[in-house]
Each structure stands twice: as C-alpha cells, then as structure tokens.
Amino acid sequence: TIGRFRDETLPFIAQGGAELQFAFAPYGRGKTHFLRALQEIARQRGFATAYVDCRSGQAPFASLQATYRIVAGNLLPTGKAVSLSRRSGPEAVIEEAMVSVPAQRAQERIAALQEDGYLATDYRNLAVAYCRATLTDQHQGALGSDLRALLRSDPSTRIRVNDLYRTHAWLPRPLGKLGRRNAASWLRSLASMPKSLGYPGLVILFDETEQMHSLHKLDSRQRRLHLANLRNFVDHMALGSFRGCAIYYAVVEEFLEAART
C-alpha cells in the first residue's frame, strides 16, 4: 500500500489529480503508524501535509467550519526552509513558497494563485494578500497578524475587513472570512492552494480511533451531521472540485457499520 502511495498516488496528485482513501484496521493494529509513514514519504517528496490526530480531542467533521480550522491548524510546509521547519498553518505554507525561490519566481507563483479557478474568490484574495505581505515583510507586523488570523479563521480574534481596507488600500477585494455558507468552498480552496504555490500537492491525513469521537458516542443527529460533512468531501472529489490533493481517513469499525446503513 505504501508502495502504491509513493509510486502511483503522489505522481497522480502532482499531475493535478485528487484521491480519497479510507483505511480500516482494528484498534492497535497500526493505523497511526501507517498515516505517519505516508506523511513522511509525502514531505520528503516536497508535498505539504496535514496530519489531524482525532485522539487529541479534535472532531474534524463536527462542522465544515471545524474541519477547515483543524486542517488549517495542522497544515505543514515541507520544512526545507529552516525557519519554517517548526511552523504550521496556511501562512507557513505561503511563506515557504515565497521565500524558497527568487523574487521573480515568487511573483509567478502569485500570478498562478490569482488565476487558479479551484479557489474561491474571497479565499484566493486572502492568500494573495498574504503572499504580497510576505514579499514586502509586512507579514511580520499588524497586517500579517490579521491576515494570519483570517487564514486560520481564529475564533478568538475579531477582525473587521473594512478596517483593513482603510489602512491598506492595496488589499484585493473581496477578502474573505470563514462562515457556514463558505466553509465547503474554503475547504476545497485550502486543499488546492499548495498546488498553486508550487508544491506538488497536499496530503491530508485524519487519524480516528475507538477512544475519541467514535460514531457510537454521538447521538443520531450528530452522527448524521458528521457523515454528511464527510460526504461533502466524497461528493466534491467525485465532481472534480479538488486538485492536487490526497485525503486519507483512518476509520473505526462502527464507521463501516454506519456507512452500510
């Protein structure tokens, strides 16, 4: 399976494909080790990655907004830039893409990002704004802090976009903020963004266990919502709304039982 991931899946993603896989094994049989092995192989080959440990109390599909925040918070650059080797988040992926190449190449990556039809307009503008702030060292000041909070959708920070426009007239319009209505499009944008920035693609790994957030611990409404949010990934993958992204989800036995019904 790892050989297939290395020799087939990663090249397929690098060519713009997308793939979703479910991995099942009984508790204690190595699902976590398997996902970590995939992550290491992907990072060695230059892919951005996001490993989500559901055992740490994260329920990734409680809502699509929660899914976005959790994936964004665990998003890792390749770590080739030493200063970013311990950083995470969309901003770290953008910073690595900007600082790891000459200025002309960085401008070309911004242009590719602007033309990427896989990204929602408000999200694309937000990513472009952070790219430009990085190139002008404004990402280290108050503007960078606000843009990072928007990229992560930090619920502890309240930012008025109109205030940003008054202070920085060059910012593209519209700049987005995560909400219930745009959560699905932001997820797809987040998944496709690394490809636009020059990475071969993105690998997202969800590690579920019997111990935390198992489906049998949810009431019927929560279970339906959880599965509906997960189906959002499946449906849009089938529709071709993802590009340059692989998603692996390690599931437990009650997930399979619920899926059958």
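Side-chain N or O atoms of Glu91 include none that pairs as donor or acceptor with a backbone N or O of Leu151 at under 3.5 Å. Under a 3.5 Å cut-off, the side chain of Ser185 and the backbone N or O of Asn182 do form a donor-acceptor pair. Looking only at distances, no side-chain donor or acceptor of Asn74 sits under 3.5 Å from a matching main-chain atom of Ala50. Panel note: side chain Ser145, backbone Gly141; no donor-acceptor pair is recorded below 3.5 Å.
In this model, no donor atom of one side chain and acceptor atom of the other lie less than 3.5 Å apart for Arg173 and Tyr165. For the residue pair Gln65 / Ser153, no side-chain donor-acceptor distance below 3.5 Å is found, with atom types taken as modelled. Side chain to side chain, Thr134 and Glu95 fail the donor-acceptor criterion of an N or O pair below 3.5 Å.
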I would like to know whether Val71 and Phe206 meet side chain to side chain contact (heavy atoms under 4.5 Å, CB included); could you show each step before the answer?
CA-CA 9 Å; Val71 173; Phe206 292 103; 3.8 Å; yes
Side chain to side chain contact (heavy atoms under 4.5 Å, CB included) between Leu113 and Met193: does it pass, once the steps are laid out?
CA-CA 8 Å; Leu113 188 63; Met193 183 178 67; 4.1 Å; yes
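Annotation: the span from His236 atom NE2 to Arg231 atom CZ amounts to 12.0 Å, rounded to 0.5 Å.
Under the 4.5 Å side-chain criterion, counting only non-hydrogen atoms from C-beta, Tyr249 is not in contact with Leu205. Inter-residue side-chain proximity for Arg152 and Ser88 is flagged as met; some heavy-atom pair is nearer than 4.5 Å. Leu187 places a side-chain heavy atom less than 4.5 Å from the side chain of Phe233. Proximity of Tyr68 to Tyr123: side-chain heavy atoms (C-beta onward) are separated by under 4.5 Å at one or more points. Residues Thr157 and Ile159 meet the side-chain proximity criterion, which asks for heavy atoms closer than 4.5 Å. Looking at heavy atoms from C-beta onward, Pro77 lies in side-chain contact with Tyr199 at the 4.5 angstrom threshold. Counting only heavy atoms from C-beta outward, the side chains of Arg132 and Val128 approach each other to under 4.5 Å. Contact annotation: the side chain of Pro200 never approaches that of Leu10 to less than 4.5 Å [non-hydrogen atoms, C-beta and beyond].
When the side chains of ILVMFWY residues are joined at heavy-atom separations under 4.5 Å, either directly or via intervening members, Leu175 and Leu143 end up in a single hydrophobic cluster. If you chain together hydrophobic residues whose side chains sit under 4.5 Å apart, Val101 and Ile110 never meet in one group. A single hydrophobic cluster is seen to contain both Leu202 and Val234, as judged by linkage of ILVMFWY side chains at heavy-atom distances under 4.5 Å, directly or through other members. Residues Leu178 and Leu164 fall within the same hydrophobic cluster, defined by Ile, Leu, Val, Met, Phe, Trp and Tyr side chains chained together at heavy-atom separations under 4.5 Å. A single hydrophobic cluster is seen to contain both Ile41 and Val203, as judged by linkage of ILVMFWY side chains at heavy-atom distances under 4.5 Å, directly or through other members.
Between Leu126 and Gly176, the shortest heavy-atom distance links the atoms CD2-O, 4.1 Å. Arg6 approaches Pro11 most closely through the heavy-atom pair O-CD, 3.5 Å. Heavy atoms only, all atoms of each residue included: Gly201 and Ile13 are closest at CA-CG2, 4.1 Å.
Ring centroids of Phe5 and Tyr248 are separated by less than 6.0 Å, placing the two rings close together.
The one candidate from Arg109, Arg243, Arg124, Lys195 that meets the salt bridge (charged side-chain N to carboxylate O under 4.0 Å, His left out) condition with Asp116 is Arg243.
Judged by the 6.0 Å and 45° rule, Arg148 forms no cation-pi pair with Tyr130. A cation-pi geometry, defined here as NZ or CZ lying under 6.0 Å from the six-membered ring centre and within 45° of its normal, does not hold between Arg188 and Tyr118.
Under a cut-off of 6.0 angstrom, the local environment of CZ in Arg4 is crowded, with over 12 non-hydrogen atoms contributed by other residues, nucleotides or ligands.
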